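Okay, so here's the structure we're looking at.
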Amino acid sequence: MGNMLVTGGAGFIGSNFTFYWLEHHPDDKIICLDKLTYAGNLSTLRLVMDKPNFKFVKGDICDRGRVFDLFQAERPEVVVNFAAETHVDRSIDGPNVFLQTNLIGTATLLDACREFGVERYHQVSTDEVYGDLPLDRPDLLFTESTPLHTSSPYSASKAGADLIVQAYHKTFGVPVTISRCSNNYGPYQFPEKLIPLMVLNALQDKPLPVYGEGVNVRDWLYVEDHCRAIDLILQRGRPGEVYNVGGHNERRNADVVKLICKELGKPEDLITYVTDRKGHDRRYAIDPEKIHSELGWLPETKFETGMKQTVQWYVENREWWKDIISGEYQQYYKTMYNNLVGA
Ligand code: NAD
Ligand code: TYD
């Protein structure tokens with residue numbers, strides 16, 4: 001593919017994608033543009049920082065001058081946009097930055113694509129744009145033609161971004177693709193999301209704050225399977241198309257947390273049921289038939305195996321998360337879980 005611009009590459013999925021891509025396509029060059037918000041960490045990229053075919057650039061995707069200068073200098077053939085504000089709870093607390101990065105940032109990247117020309121712009125989107133499904137209708141799944149019907153400021157901003165991406169395809173002919181993936185888990189996920197937060201709390205014998213009754217359902221996918229799906233879409237996906245990515249792996253939140261306790265040999269009575277999230281989506285479930293039949297994608301990592309690997313990764317990489325959970329994280333945790341005894 002030549003030069004690829006990966007935005008948000010210092011975050012969870014973007015970094016895993018960078019490692020995946022440089023391993024499977026060693027002749028390509030990746031330029032990573034990342035603002036290094038609280039969720040982006042340079043230490044995550046230390047494995048590739050010295051590679052001659054990797055370049056890190058600190059910058060904001062909303063900064064038009066910065067983005068256009070970068071396109072002028074690097075002339076990327078492919079852009080994969082992971083950069084986003086991504087945490088639903090933070091979007092409830094303060095929606096504005098979500099609108100800025102997820103909408104304006106996406107439009108700025110697309111303007112640069114129009115100006116300089118690219119072979120492909122890929123938008124990394126989410127199943128949350130479809131809203132939620134009832135708990136008692138396991139027959140219902142999100143397909144690519146399910147109407148967008150969002151709940152949180154996060155999902156609304158991601159849905160808006162998808163519409164902008166599709167508009168730039170239809171109106172200006174930018175060769176775009178969109179993937180809408182279910183919840184990812186794996187190494188380097190910031191410990192404010194369910195799985196890493198619970199692993200870290202359990203390791204520290206702290207309460208495990210499960211929202212509501214823990215019956216909400218998420219469809220979990222190992223991050224490397226998501227990276228492989230994006231690879232296939234970049235190689236063979238049809239411009240203008242949306243591809244759902246998910247592995248038929250629905251779990252109730254309480255069951256995920258119990259599995260973490262089991263993996264770490266911690267008692268389940270660490271689980272503490274706390275006030276529910278506002279507008280909490282009940283269930284997400286992806287129908288991946290299109291990407292399976294068109295591109296031959298199937299998930300390769302079983303949930304139990306992926307979870308074992310993920311939990312083990314956090315056990316072995318204390319240095320990575322010890323740094324991250326100092327400072328701003330402590331403040332966030334206090335505000336978010338303030339009435340949690342022993343937090
Ligand atoms: P993350 O929060 O871990 O990382 C986001 C990265 O984007 C960080 O490195 C951050 O510094 C960077 N960033 C934020 N604002 C920026 C800006 N204005 N300019 C440049 N960089 C900026 O997120 P993630 O979980 O890796 O998610 C990546 C993408 O995948 C997002 O678009 C998200 O919506 C989507 N997605 C995530 C999941 C999931 O389960 N995590 C599932 C489906 C889709
Ligand atoms: P999260 O990882 O924030 O992802 P998303 O909301 O984008 O799916 O949350 C996953 C599920 O776990 C969601 O139903 C909310 C729930 N949850 C808790 O029960 N406790 C927590 O402390 C967190 C962060 C999430």
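Quick caveat, the model's predicted, so the values are computed rather than measured. Side chains included, hydrogens not; waters and symmetry mates left out as well; all remaining heavy atoms used. Every number for a ligand or one of its atoms is a count from 1 in the order of the listing.
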Would [X] count as being in polar contact with ligand 1, using the rule that some N or O on each side must be under 3.5 angstrom apart?
X: Glu85; answer: no
X: Asn184; answer: yes
X: Leu33; answer: no
X: Cys181; answer: no

Regarding [X] and [Y], is there a side-chain donor-to-acceptor distance under 3.5 Å anywhere?
X: Asn3; Y: Glu77; value: no
X: Ser15; Y: Thr18; value: no
X: His280; Y: Asn216; value: yes
X: Trp21; Y: Asp231; value: no
X: Tyr168; Y: Gln166; value: no
X: Glu224; Y: Tyr20; value: no
X: Lys158; Y: Thr150; value: no
X: Tyr337; Y: Asn201; value: no
X: Arg228; Y: Tyr222; value: no
X: Asn317; Y: Tyr314; value: no
X: Arg218; Y: Ser182; value: no
X: Tyr38; Y: Glu192; value: yes

So, Arg252 and Asp255, do they make that salt bridge, N to O below 4.0 Å?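 Here Arg252 pairs with Asp255 in a salt bridge, since their nearest N and O are under 4.0 Å apart.
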
Are the charged groups of Lys58 and Asp34 less than 4.0 angstrom apart, N to O?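 No, Lys58 and Asp34 are not salt-bridged.
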
Tell me the nearest of [options] to [atom], using heavy-atom distances.
atom: atom 20 (N) of ligand 2; options: Ser91, Pro209, Gly214; value: Pro209
atom: atom 11 (O) of ligand 1; options: Thr7, Ile104, Asp60, Asp34; value: Asp34
atom: atom 44 (C) of ligand 1; options: Ser125, Ser179, Ala39; value: Ser125
atom: atom 31 (C) of ligand 1; options: Trp220, Phe82, Tyr185; value: Phe82

Using a strict 4.0 Å cut-off to heavy atoms of [X], name the atoms of ligand 2 that fall inside it.
X: Asn183; value: 4 (O), 5 (P), 8 (O)
X: Arg277; value: 3 (O), 5 (P), 6 (O), 9 (O), 13 (C), 15 (C)
X: His87; value: 3 (O)
X: Val88; value: 6 (O), 7 (O)
X: Val210; value: 19 (O)
X: Tyr284; value: 8 (O)
X: Lys193; value: 2 (O)
X: His280; value: 13 (C), 14 (O), 15 (C)

Taking [atom] as the reference point, the nearest protein heavy atom with its distance:
atom: atom 5 (P) of ligand 2; result: Glu128 OE2, 3.6 Å
atom: atom 4 (O) of ligand 1; result: Gly11 CA, 3.4 Å
atom: atom 30 (O) of ligand 1; result: Val124 CG1, 3.4 Å
atom: atom 24 (C) of ligand 2; result: Glu192 O, 3.2 Å
atom: atom 1 (P) of ligand 1; result: Thr86 OG1, 3.7 Å
atom: atom 16 (C) of ligand 2; result: Asn253 ND2, 3.4 Å
atom: atom 19 (O) of ligand 2; result: Tyr211 N, 2.8 Å
atom: atom 2 (O) of ligand 2; result: Leu194 N, 2.8 Å

Is [X] near ligand 1, meaning one of its heavy atoms is under 4.0 Å from it?
X: Gly9; result: no
X: Gly59; result: yes
X: Ser15; result: no
X: Phe190; result: no

I'd like to check which ligand 1 atoms, numbered from 1 as shown, lie under 4.0 Å from a non-hydrogen atom of [X].
X: Thr37; result: 10 (C), 11 (O), 14 (C), 15 (N)
X: Gly40; result: 8 (C), 9 (O), 11 (O)
X: Asn183; result: 40 (O)
X: Ser182; result: 42 (C), 43 (C)

Assess whether side-chain contact (heavy atoms from CB on, under 4.5 Å) is satisfied between Asn81 and Val124, documenting all intermediate values. CA-CA 6 Å; Asn81 181 25; Val124 181; 5.8 Å; no

Could you walk me through whether Ile30 and Lys55 pass the side-chain contact (heavy atoms from CB on, under 4.5 Å) check? CA-CA 6 Å; Ile30 285 189; Lys55 181 172 171 180; over 6 Å; no

Please work out whether any backbone atom (N, CA, C, O) or any side-chain heavy atom from C-beta onward of [X] is under 4.0 Å from ligand 1, and answer side chain, backbone, both or neither.
X: Leu36; result: backbone
X: Tyr154; result: side chain
X: Lys158; result: side chain

Could you tell me whether some N/O pair between [X] and ligand 2 is separated by less than 3.5 angstrom?
X: Arg218; value: yes
X: Tyr337; value: yes
X: Asp281; value: no

Under 6.0 Å from the six-membered ring centre of Tyr154 and within 45° of its axis: does the NZ or CZ of Arg90 meet both?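 No, Arg90 does not sit over the ring of Tyr154.
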
State whether Phe172 and Arg114 meet the cation-pi test: NZ (Lys) or CZ (Arg) under 6.0 Å from the six-membered ring centroid, and within 45° of the perpendicular axis.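 Positive - Arg114 is close enough to the ring of Phe172 and near enough to its axis.
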
Would you say Asn244's side chain and Pro288's backbone share a donor-acceptor pair under 3.5 angstrom?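 Flag not set: sc Asn244 to bb Pro288 has no pair under 3.5 Å.
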
Any chance you could lay out the salt bridge (Lys or Arg N to Asp or Glu O under 4.0 Å) test for Arg283 and Asp132, step after step, and finish with the verdict? CA-CA 5 Å; Arg283 168 176 168 251; Asp132 69 348; over 6 Å; no

Residue of the set Phe12, Trp313, Phe17 for which ring pair (Phe, Tyr, Trp, His ring centres under 6.0 Å) holds with Tyr188: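 Running ring pair (Phe, Tyr, Trp, His ring centres under 6.0 Å) over Phe12, Trp313, Phe17 with Tyr188 returns exactly one hit, Trp313.
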
